[in-house]
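Worksheet: the structure to be examined is printed underneath.
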Amino acid sequence: MREFALHGVRYLGLVLLLALASPALADGVNWPRMAESADGVPIAYEVQGSGEPTLVFIHGWSCDGRYWLGQLPYFSQTHRVVTVDLAGHGHSGLERESFTTPAFGEDVKAVLDDLEVEQAILIGHSMGGPVSVEAARLMPERVIGIVGVDTFHHVASEISQEQRDGMLEPLQQDFAQAARQFVASMFIESTDPKLRDWVMHDMAAAPPEVAISAMEDMLARHADGEAARHFRELTIPVMAINSDLWPTDVEANRQLLPEFDAVIMEDTDHFLHMARPEAFNRELERMIGTPP
């Protein structure tokens with residue numbers, strides 16, 4: 001009985017200690033946050049650092065906020081840094097009928113509204129580039145610039161129905177297998193195989209209905225010229241940091257937006273911000289005008 005009583009006292013002491021410590025522990029954790037998009041879908045996001053303008057990092061197709069881990073420690077030293085999980089990605093909600101580029105733009109707006117951001121630079125990888133354009137259209141007074149990351153290669157390029165079908169049909173038939181093959185084509189041989197394998201398997205594990213819906217919408221908006229029209233209507237600086245895996249037609253993009261510019265990083269691939277984070281961060285720092 002005496003031993004049981006001693007154990008009871010120790011247990012109560014431990015409970016009391018944890019109860020006293022828990023507020024301090026909670027205060028030290030940078031918990032993810034949630035905002036509500038225009039259609040009610042909950043949007044997960046995280047915030048680090050302080051300093052204006054706010055840098056908002058927007059992931060690509062079938063990715064999420066984790067894909068910016070190589071940028072957060074660096075840029076959060078001088079800026080408030082926000083990473084967003086678009087609807088259907090990461091920890092955000094799935095309750096949406098169609099996962100379209102304009103709807104993703106609303107997701108970004110919901111996060112900036114929730115944080116009461118006054119000035120933001122949007123940094124969008126791949127699909128995140130067109131999403132940035134849509135978000136900027138919704139918030140022209142708050143978005144002061146866009147930096148695309150391996151995107152905006154040729155905004156007004158033509159795409160045929162045959163090309164669209166060729167991309168969509170494999171994903172519709174066997175999403176995981178087709179997604180792995182699709183993502184594998186975005187890497188070069190010298191990229192760390194651990195990074196390549198993680199990205200391939202992670203993106204292939206995305207919800208197929210979300211990924212296919214988003215891809216259908218992107219291709220449709222590109223094919224009917226809406227992507228180019230919206231790009232042309234921007235009145236803010238737009239730049240890109242692209243790999244040399246695919247050509248970037250700067251002059252063609254300048255026909256839409258005369259001040260468009262791009263930096264090409266050599267010997268890297270579609271996930272250049274992950275494969276070569278230090279070199280990428282230097283280029284991004286230069287573009288946004290952060291003092292060294």
Side-chain angles (χ1 to χ4, degrees), residues 44 57-71 83-94 96 98-101 103-104 107 123-131 148-154 157 159-223 241-248 265-277 280:
F57 288 87
I58 305 168
H59 62 78
W61 180 80
S62 294
C63 305
D64 56 45
R66 296 171 301 163
Y67 284 61
W68 298 108
L69 288 176
Q71 284 63 60
T83 55
V84 180
D85 286 352
L86 301 173
H89 299 74
H91 296 288
S92 291
L94 291 160
R96 179 172 288 171
S98 297
F99 293 84
T100 68
T101 308
F104 289 144
D107 299 344
I123 300 144
H125 174 239
S126 195
M127 182 185 78
V131 171
V149 180
D150 213 44
T151 188
F152 305 140
H153 295 97
H154 185 174
S157 62
I159 181 170
S160 68
Q161 185 63 50
E162 183 180 2
Q163 290 172 316
R164 291 162 64 183
D165 291 343
M167 294 185 69
L168 289 169
E169 286 177 1
L171 295 171
Q172 293 164 338
Q173 292 170 6
D174 185 345
F175 176 78
Q177 177 65 21
R180 282 192 294 269
Q181 292 177 353
F182 180 47
V183 176
S185 70
M186 302 177 184
F187 286 96
I188 59 174
E189 188 174 347
S190 60
T191 296
D192 182 350
K194 292 181 180 178
L195 171 63
R196 180 197 61 217
D197 291 347
W198 180 82
V199 172
M200 286 172 56
H201 287 90
D202 185 65
M203 292 178 65
E209 66 278 10
V210 175
I212 293 169
S213 176
M215 181 68 76
E216 286 177 332
D217 180 77
M218 277 194 297
L219 294 174
R221 291 177 189 280
H222 195 74
I241 306 173
N242 287 356
S243 75
D244 58 355
L245 183 63
W246 302 304
T248 299
M265 287 180 53
E266 297 181 353
D267 301 320
T268 189
D269 51 45
H270 188 54
F271 298 89
L272 63 167
H273 59 299
M274 303 171 77
R276 295 181 57 195
F280 173 83

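Bear in mind that the values here come from a model prediction, so they are computed numbers and not experimental data.
Residues passing the side-chain hydrogen bond (donor to acceptor under 3.5 Å, both in side chains) test with S98: none are found, sequence neighbours excluded. Residues satisfying the side-chain hydrogen bond (donor to acceptor under 3.5 Å, both in side chains) test with S126, not counting sequence neighbours, are H270. In terms of the side-chain contact (heavy atoms from CB on, under 4.5 Å) criterion, residue partners of A223 (sequence neighbours excluded) are, by chain and number, I159, R164. By the ring pair (Phe, Tyr, Trp, His ring centres under 6.0 Å) test, F99 pairs with no residue at all, sequence neighbours left out. T101 is linked by a side-chain contact (heavy atoms from CB on, under 4.5 Å) to P130, V131, E134, D217, M218, R221, counting only residues two or more places apart in sequence or in another chain. Residues forming a side-chain hydrogen bond (donor to acceptor under 3.5 Å, both in side chains) with E162 (at least two apart in sequence, or on another chain): none. A search for ring pair (Phe, Tyr, Trp, His ring centres under 6.0 Å) contacts involving H153 returns W246, not counting sequence neighbours. Residues passing the side-chain hydrogen bond (donor to acceptor under 3.5 Å, both in side chains) test with S243, sequence neighbours excluded: D150. Considering only residues two or more places apart in sequence or on other chains, R276 meets the salt bridge (charged side-chain N to carboxylate O under 4.0 Å, His left out) condition with none of them.
Without hydrogens or angle criteria, D85 side chain to A44 main chain gives no donor-acceptor distance under 3.5 Å. Here the side chain of T268 pairs no donor or acceptor atom with the backbone of M265 at under 3.5 angstrom. Of the possible donor and acceptor atoms, none in the side chain of D64 sits under 3.5 Å from a partner among the backbone N and O of H89.
Counting heavy atoms from C-beta on, the side chains of H222 and L219 never come closer than 4.5 Å. Under the 4.5 Å side-chain criterion, counting only non-hydrogen atoms from C-beta, M127 is in contact with L86.
Distance check, rounded to the nearest 0.5 Å: CG of L272 to CG of N242 gives 7.5 Å. Rounding to the nearest 0.5 Å gives a distance of 5.5 Å between CD of Q71 and CZ of F280.
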Show me, pair by pair, the donor-acceptor contacts under 3.5 angstrom made by side chains of residues 190-212, not counting sequence neighbours?
| from | atom 1 | to | atom 2 | distance (Å) |
| --- | --- | --- | --- | --- |
| T191 | OG1 | D269 | OD2 | 2.2 |
| D192 | OD1 | K194 | N | 2.9 |
| H201 | ND1 | D197 | O | 2.8 |
| D202 | OD1 | R66 | NH2 | 2.8 |
| D202 | OD2 | R66 | NH2 | 3.0 |
| D202 | OD2 | Y67 | OH | 2.5 |

Could you pull out all donor-acceptor pairs under 3.5 Å where a side-chain atom in residues 167-178 meets a protein atom, sequence neighbours excluded?
| from | atom 1 | to | atom 2 | distance (Å) |
| --- | --- | --- | --- | --- |
| Q172 | NE2 | E216 | OE2 | 3.4 |
| D174 | OD1 | Q177 | N | 3.4 |
| Q177 | OE1 | R180 | NH2 | 3.1 |

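You'll find the ring centres of F104 and H59 outside the 6.0 Å limit.
Note: F57 and W68 have tilted aromatic rings, judged against thresholds of 30 and 60 degrees for the angle between ring planes.
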